[in-house]
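Throughout, numbering of the chain's residues begins at 1 and tracks the sequence.
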Amino acid sequence: QVRLVESGGGSVQAGGSLRLSCASFGYTYCTYDMSWYRQAPGKEREFVSRVDADGITSYADSVKGRFTISRDKAKGTVYLQMNSLEPEDTAIYYCKADRCNSWGQGTQVTVSS
């Protein structure tokens, strides 16, 4: 197993930026492929972004061009740079170690208009 700890969430005005971090503790092999998901109140958890073992990134259409996922593979840490934030981005953001299907506890992001 691997333990994941998200940080960097907070409250920001529309148009602002936040940078989320996800630190991992445990087995490195679990963190070769990492994803970010989010869940807004009353909605299903949805995919946001992913970086695979080769560094290839993907994004949900709703965040493409505004969010950037990156990683420090050696440290097992993944980041999500969020720019031009919108109220619709308000959610709890979770990181996931895909190979072990492990989830972090989540960090709250609130964007006000």
Can you name the nearest heavy-atom pair linking Y79 to D72, along with the distance? CE1-N, 4.2 Å
Nearest heavy-atom neighbours spanning A91 and A40: CB-N, 3.8 Å
Hey, could you give me the CG/OH distance between D52 and Y32, rounded to the nearest 0.5 Å? 13.5 Å
Evaluate the side-chain proximity of R38 to V109: yes if any heavy-atom separation is below 4.5 Å, no if none is. no
same_hphob_cluster(V2, W103) at 4.5 Å side-chain heavy-atom cutoff: no
Rounded to the nearest 0.5 Å, the CG atom of L85 sits from the OG1 atom of T110 at a distance of 10.5 Å
Quick one: sort the Y37 and F47 rings into parallel, tilted or perpendicular, breaks at 30° and 60°. perpendicular
Does NZ or CZ of R99 fall inside the cone over Y29's six-membered ring, less than 6.0 Å from its centre and within 45° of the axis? no
Please step through side chain to side chain contact (heavy atoms under 4.5 Å, CB included) for the pair M82 and V63, ending with a clear verdict. CA-CA 9 Å; M82 306 185 295; V63 306; over 6 Å; no
Enter the distance from S49:OG to M34:CE here, rounded to the nearest 0.5 Å. 11.0 Å
Please give me the minimum heavy-atom distance between S17 and S84, naming the atom from each residue. OG-N, 4.3 Å
Working to the nearest 0.5 Å, report the span between CZ of R66 and CD of Q81. 12.0 Å
Would you say K75 has more than 12 foreign heavy atoms packed within less than 6.0 Å of its NZ? no
Joint cluster assignment, I69 & Y94, ILVMFWY side-chain distance < 4.5 Å: no
How far apart are the closest heavy atoms of A23 and T77, and which atoms are they? CA-OG1, 4.1 Å
Heavy atoms, side chains only, cut-off 4.5 Å: are V111 and E88 in contact? no
Roughly how far, to the nearest 0.5 Å, is CD of E6 from CG of L80? 11.0 Å
Separation of T57 OG1 from K64 NZ (nearest 0.5 Å): 9.5 Å
Taking all non-hydrogen atoms of both residues into account, name the closest pair between A14 and S113 and its distance. CB-CA, 4.2 Å
Please confirm whether the backbone N or O of G76 pairs with a side-chain atom of S24, one donor and one acceptor, at under 3.5 Å? yes
If you compare all heavy atoms of L4 against all heavy atoms of C22, which two are closest, and at what distance to 0.1 Å? CB-SG, 3.9 Å
Run N101 and K96 through side chain to side chain contact (heavy atoms under 4.5 Å, CB included) and show every step you take. CA-CA 7 Å; N101 195 35; K96 179 187 178 186; 3.2 Å; yes
With a 4.5 Å limit on heavy-atom distance, are the side chains of W36 and V78 in contact? yes
Treat each ILVMFWY residue as a node, draw an edge where side-chain heavy atoms are under 4.5 Å apart, and state whether V51 and Y59 are in one component. yes
